[in-house]
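To keep things clear, I will list the structure first and then write my remarks on it.
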Amino acid sequence: MASPQLIGWVAQNILPHEPRLRAWLAAAFSAVEVDDVIQESYCRIAALDHVEHIQDPRQYLFRTARNVVLEQARRSRVVSFQTISGIADLERAMPLDMISPERMLAGRRTLARVEQLISALPERGRRIFRLRKIEGLSQKEIAARLGISESIVENEVLRGLRRILLSMTEEERAEMPMRRPRGGRHERRAVVQD
Amino acid sequence: MSGEPSSRIDEDACGWVARMDRGLTSGEEAALATWLASDDRKRGALLRAQAAFRLLDRARALRVDAGEAEAGPVDEHPHSRRALLGLGGGMAALLALGAVWRVRPRGQHIATGVGEIRRLPLEDGSLAVVNSDSSVRVAFSAGGREVELVKGEAWFEVAHNKARPFTVAAGAARVRAVGTAFDVRRHRDRSEIVVTDGVVKIWSTRDAAAPTLVAAGHRAVLWHGVDGAARVAVRAVDPEQPLAWRDGQIILDDMTLAAAADEFNRYNKMTLVIDPAIGGRRMIGSFRTNDVDGFVEAAALLVGGRVARAGNIIRIVPAPPP
């Protein structure tokens with residue numbers, strides 16, 4: 001089981017990069033199951049004893065995911081063009097990021113974002129998450145306050161977390177300034193013809 | 001990947017986080033351990049759900065007042081990558097790899113080191129991009145524009161000027177253009193010409209045969225047979241692949257691992273050596289020319305090899321059976 005320290009580190013340093021990682025995986029390795037790769041990558045992070053040596057968590061996450069993809073490709077013995085052509089795009093995908101995910105989920109904006117994620121829940125879930133995460137009440141206290149059973153509260157926590165996790169990590173799927181592996185973009189400069 | 005669908009695993013992970021949030025019974029502790037042990041992905045999914053749930057604790061700040069939360073932890077590197085963003089990828093690669101040179105007319109000699117790519121505006125408005133470990137001599141006169149490719153490879157974009165033909169010499173091979181763009185690579189025994197725009201004429205000074213016309217989208221190879229006669233082979237080609245180097249890229253399109261290593265060796269001081277047992281494995285991919293480590297890591301993983309480094313030599317050898 002992951003330590004509270006590791007969970008906090010992942011919340012702050014890994015989770016914010018997941019939307020971008022998903023977009024990159026989908027664009028670069030069209031043959032892979034993105035959700036599987038994401039879970040495997042977190043599994044490897046869960047096995048870390050300490051994280052002090054990781055200076056660039058974003059790069060660490062991308063590299064970990066890339067290795068998961070490569071090992072899957074190797075295991076399956078099917079090395080398709082789609083699977084492999086994205087390998088090198090790892091490095092290039094990163095500096096080309098216009099919209100830094102850090103800016104979305106880190107620092108001051110995190111608060112607004114978290115508030116927004118909770119507000120987007122259906123009525124009962126929203127009330128429960130506000131009481132739990134803003135007021136700091138326990139599930140038991142929430143059940144008493146709202147006059148509902150503890151299992152309903154627990155179930156709302158499950159459903160709300162599932163929803164929040166989805167919108168937290170998938171919202172940016174569509175917008176990804178990826179370079180294609182090939183492409184002659186700039187070299188067609190003006191050439192005077194005969 | 002086999003077993004449960006990942007969406008089911010994520011759902012279950014959220015359920016475990018909800019239960020952990022109210023406290024697990026000892027029976028549930030055991031059930032959680034069993035659940036985790038059945039699939040590696042579950043450990044990852046649980047950590048991910050726990051991290052998301054933890055992130056929501058930030059909302060606690062809303063309880064006091066939003067102003068105090070504003071002063072909370074600030075991202076340490078919000079803009080660190082921005083400086084790189086203004087440049088287009090290809091130009092950025094070129095600028096990163098080599099300085100822009102202003103050429104003095106006549107007799108200019110330009111040599112690039114290993115890994116260096118230079119962009120070279122010529123005085124007539126033409127442009128040369130000189131690849132790694134190459135050497136070019138420019139000799140312009142009123143009547144003509146002569147460029148000698150002493151060794152290596154260069155791409156030329158030629159400004160139109162009918163009165164002064166633009167000719168590249170690579171050994172006995174000659175490539176002439178009026179207004180066009182093309183690449184010349186000089187090998188010991190042959191020259192390769194890839195035309196990216198317009199039409200060029202190619203011929204050999206050691207053969208009186210008429211020049212061959214080569215149009216955009218074609219690659220021509222010129223060599224001399226044992227009889228001394230010049231041979232030219234032309235075939236259609238996707239010019240992006242052989243010219244990816246201008247963007248600081250190597251594109252491996254069904255290339256053997258050994259040939260791919262040779263390509264990297266053109267750009268890097270490290271020498272990649274591939275064990276013959278795996279050198280014939282074919283690779284597809286694209287890499288930055290200076291990303292030897294990325295290539296080595298990926299190639300070793302793909303072929304199930306092991307990387308051995310000694311000084312400037314990096315070897316990929318077959319891994320011992322597990």
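Here is how names work: the chains are called A, B, and so on, in the same order as the sequence lines, proteins then strands, and each is numbered from 1.
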Inset, instruction - List in chain and number order the residues that pass salt bridge (charged side-chain N to carboxylate O under 4.0 Å, His left out) with A:Arg162, two or more places apart in sequence or in another chain; answer none if no residue qualifies. - result: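 Salt bridge (charged side-chain N to carboxylate O under 4.0 Å, His left out) list for A:Arg162, sorted by chain: B:Glu11.
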Legend entry - Partner residues of A:Arg127 under the salt bridge (charged side-chain N to carboxylate O under 4.0 Å, His left out) criterion, sequence neighbours left out: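 Partners of A:Arg127 by the salt bridge (charged side-chain N to carboxylate O under 4.0 Å, His left out) criterion come out as none, since no residue qualifies.
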Legend entry - Sequence-distant partners of B:Ala177, side chain to side chain contact (heavy atoms under 4.5 Å, CB included), two or more places apart: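 With neighbours one apart ignored, the set is B:Val158, B:Thr180, B:Phe182, B:Val200.
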Inset, instruction - Could you tell me whether the side chains of B:Asn131 and B:Tyr267 share a donor-acceptor contact shorter than 3.5 Å? - result: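 Result is yes, a qualifying pair exists.
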Pick one of side chain, backbone, both or neither for [X], based on which atoms fall under 4.5 Å of a heavy atom in chain B.
X        : value
A:Gln39  : both
A:Arg130 : neither
A:Ile164 : side chain
A:Ile14  : neither

Are [X] and [Y] side-chain neighbours, meaning at least one heavy-atom pair lies under 4.5 Å?
X        : Y        : answer
B:Glu28  : B:Thr25  : yes
B:Ser126 : B:Glu157 : no
B:Leu55  : A:Met168 : yes

Inset, instruction - Compute both the distance and the angle, then confirm whether A:Arg44 meets the cation-pi test with A:Tyr42: under 6.0 Å from the six-membered ring centre, within 45 degrees of the axis. - result: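 No, A:Arg44 and A:Tyr42 do not form such a contact.
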Legend entry - Toward chain B: residues of residues 140-154 of chain A with heavy atoms under 4.5 Å: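 Residues in range: A:Glu154.
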Inset, instruction - Taking only Lys NZ, Arg NE, NH1 and NH2, and the carboxylate oxygens of Asp or Glu, determine whether B:Asp124 and B:Arg164 approach each other closer than 4.0 Å. - result: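 A salt bridge is absent here (no side-chain N lies under 4.0 Å from a carboxylate O).
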Inset, instruction - Inspect the contact between A:Asp56 and A:Arg58 and indicate whether a charged nitrogen and a carboxylate oxygen are less than 4.0 angstrom apart. - result: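 No, no charged N to carboxylate O under 4.0 Å.
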Legend entry - Partner chain B: residue of A:Val10, A:Asn155, A:Ile38, A:Leu161 with the largest heavy-atom pair count (under 4.5 Å):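 Maximum pair count with chain B is reached by A:Leu161.
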Looking only at heavy atoms and a cut-off of under 4.5 Å, which of [options] has the most pairs with chain A?
options                            : value
B:Arg48, B:Arg43, B:Lys42          : B:Arg48
B:Leu36, B:Asp10, B:Asn161         : B:Asp10
B:Asp21, B:Leu46, B:Val17, B:Asp40 : B:Asp21

